[in-house]
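What follows is a set of notes on a single structure, which appears directly below.
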Amino acid sequence: MKLPKKIWLSGSIGAAVLFLSAPWASSQQSAGRGGMSFDYADNDGWVSLFNGEDLSGWDGDPRFWSVKDGAIFVEPSCEKPTGTIYIIWKGGEPSDFMLKFESKGTGNVNGGVQFRSYMTADFNVALRYPGRGGGGTLAGPGGPPARAPGAAGARGGAAAPGAAAGRGGGRGPCANPGTPPSAAEKAKWDMAGPQFDFDAGNNYPGQYYEQASSRGIAAAPGTVVLAEPGQRKVLATIADRATLDSWFHKDDYNQFLLVAKGNVTSMFMNGHLTSVFIDNDPAMFRPSGKIGLEVEATGGYWTRNIFLKRL
């Protein structure tokens, strides 16, 4: 069945347009579509958040974060484990915006891009958003298997095939296992809030995940989800697992686009819509916040060409 190009939703969240197709091949007129195709390479009107040379404008633990091959790079390993760590963009707290970036990963690495997030050390903000705690996964037909609630900052129970056990784990056998930084060492950079998820095995890329939140996987890959006080509902299925796998570039860069407008967040991977989250829960919704990168488990994680356009 062909999906409609737009879905119109009304009510307390207002009218929202959710684009269910995003051909990015060129900027030529799209016949019969009434508009221009999205050109991922066109940076006119966008602001670069990363210069490709050093970590100017970013703040993270220098023992782990660096620049490699023109990308922000981190590589947790058994010998040098990181636990769950972040690097934060210091340029502000955007509200409505589009964010595009490219990421790739190796091994069992798991990470993502934080947005509309906050620092857990900010006690006043943490009190406003008290949803820290277990995993609250809402899996869909296109997403990973449903998981039991887990600890804060973790995906939940047993790992999906090919992934490290838990999001904060990933330390397999090695000759010289290391010790990850302590909670006190990580506290300065600890974040909580929404995340555009990613992992090297394509279990999570393009899903709406909430780091250190009771909602956990809020909209699994391939789903459109509506959140209201005390409940979430899958409104539609965008793609099944096989389709999502066909869109993913394993061991290579993937192009991602995040569109955050009001209560609606849409996530795209390599020109395809992967998830939509409509947040109509005033106790949980954050209208603005910080941007950052997160990593855990083991493997290499590269993120480059990070551009922001405020809406």
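Note that the coordinates shown come from a computational prediction; the quantities given were computed from them, not determined experimentally.
Of the options Q211, E294, K186, a side chain to side chain donor-acceptor pair (under 3.5 Å) to Y86 is made by Q211 and by none of the others. Exactly one residue among M284, Q195, Q114 makes a side chain to side chain contact (heavy atoms under 4.5 Å, CB included) with E210. That residue is M284.
Salt-bridge check for D279 with R215: passed, with a basic side-chain N closer than 4.0 Å to an acidic carboxylate O.
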| query | Where do I72 and W58 land on the side chain to side chain contact (heavy atoms under 4.5 Å, CB included) test, with the steps shown first? | reply | CA-CA 10 Å; I72 297 178; W58 293 79; 3.9 Å; yes

| request: Quick one: do F115 and T265 satisfy side chain to side chain contact (heavy atoms under 4.5 Å, CB included)? Show the steps, please. | output: CA-CA 11 Å; F115 63 98; T265 302; 3.9 Å; yes

| Under the side chain to side chain contact (heavy atoms under 4.5 Å, CB included) criterion, do I278 and L235 qualify, and how do the steps go? | CA-CA 10 Å; I278 307 158; L235 301 182; 4.0 Å; yes

| request: Would you please test S117 and I291 for side chain to side chain contact (heavy atoms under 4.5 Å, CB included) and show each step? | output: CA-CA 7 Å; S117 293; I291 290 173; over 6 Å; no

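Counting heavy atoms from C-beta on, the side chains of V225 and Y208 never come closer than 4.5 Å. P76 places a side-chain heavy atom less than 4.5 Å from the side chain of V295. Residues L258 and V113 have side chains not in contact (no heavy-atom distance under 4.5 Å, counting atoms from C-beta outward). Side-chain contact check for D190 versus I85: every heavy-atom pair is 4.5 Å or farther apart. Residues K100 and L257 meet the side-chain proximity criterion, which asks for heavy atoms closer than 4.5 Å. L308 is not listed as a side-chain neighbour of W46, based on a closest heavy-atom distance of 4.5 Å or more. Residues F277 and P194 form no side-chain contact, since every pair of their non-hydrogen atoms from C-beta on lies 4.5 Å or further apart. Contact check for P94 versus S288: no side-chain heavy atoms found under the 4.5 Å cut-off.
Considering only residues two or more places apart in sequence or on other chains, T243 meets the side chain to side chain donor-acceptor pair (under 3.5 Å) condition with D240. Evaluation of the side chain to side chain donor-acceptor pair (under 3.5 Å) rule for N51 yields D54 as partners, not counting sequence neighbours. Under the side chain to side chain contact (heavy atoms under 4.5 Å, CB included) criterion, P62 pairs with no residue, sequence neighbours left out. Residues passing the ring-ring contact (aromatic ring centres under 6.0 Å, His included) test with W65, sequence neighbours excluded: none. By the side chain to side chain donor-acceptor pair (under 3.5 Å) test, S246 pairs with no residue at all, sequence neighbours left out. Every residue meeting the side chain to side chain donor-acceptor pair (under 3.5 Å) condition with D96, not counting sequence neighbours, appears here in chain and number order: R116. The ring-ring contact (aromatic ring centres under 6.0 Å, His included) search around F101 returns F196, F256, not counting sequence neighbours. For K290, the salt bridge (charged side-chain N to carboxylate O under 4.0 Å, His left out) partners are E93, not counting sequence neighbours.
A pairwise comparison of heavy atoms in P180 and G83 identifies CB-N, 3.9 Å as the closest pair. Here the closest non-hydrogen pair linking V109 and G299 is CG2-O, 3.5 Å. Between T274 and G206, the shortest heavy-atom contact is OG1-O, 2.9 Å. Heavy atoms only, all atoms of each residue included: A260 and L311 are closest at O-CD1, 4.2 Å. For Q207 against A220, the heavy-atom pair with the smallest separation is OE1-CA, 3.6 Å. Nearest heavy atom pair, residue T179 against residue P81, reads C-CG, 3.7 Å.
Sorted by first then second residue, the salt bridge (Lys or Arg N to Asp or Glu O under 4.0 Å) pairs that include residues 60-78, not counting sequence neighbours, are D61-R63, R63-E185. A ring pair (Phe, Tyr, Trp, His ring centres under 6.0 Å) check over residues 288-311, counting only residues at least two apart or in different chains, returns the pairs F73-W302, F198-Y301. Sorted by first and then second residue, the salt bridge (Lys or Arg N to Asp or Glu O under 4.0 Å) pairs with a member in residues 301-311 read E102-R304; sequence neighbours excluded. For residues 229-248, the set of pairs meeting the ring pair (Phe, Tyr, Trp, His ring centres under 6.0 Å) definition, not counting sequence neighbours, comprises W247-H272.
E228 CD to D281 CG: the interatomic distance, rounded to the nearest 0.5 Å, is 9.0 Å. Taken from CD1 in I88 to CG in L293, the straight-line distance is 9.5 Å, to the nearest 0.5 Å. Rounding to the nearest 0.5 angstrom, the gap separating the CG atom in N305 from the CG atom in L49 is 11.0 Å. To the nearest 0.5 Å, atom OG of residue S103 and atom CG of residue D199 are 11.5 Å apart. Taken to the nearest 0.5 Å, the CG atom of L55 stands 10.0 Å off from the NZ atom of K90.
Put simply, the side chain of S95 gets close to the backbone of P287: a donor and an acceptor are under 3.5 Å apart.
More than 12 heavy-atom neighbours from other residues, nucleotides or ligands sit within 6.0 angstrom of CG on D252.
S275 and T223 form no side-chain donor-acceptor contact under 3.5 Å, judged by distance and modelled atom types alone. At a cut-off of 3.5 Å, with distance as the only test, a side-chain donor of N202 or D245 sits close to an acceptor on the other residue. Looking only at atom types and distance, the side chain of N270 has no donor-acceptor partner in the side chain of Q255 under 3.5 Å away.
There is no path of hydrophobic side-chain contacts, each under 4.5 Å, that joins M267 to Y253.
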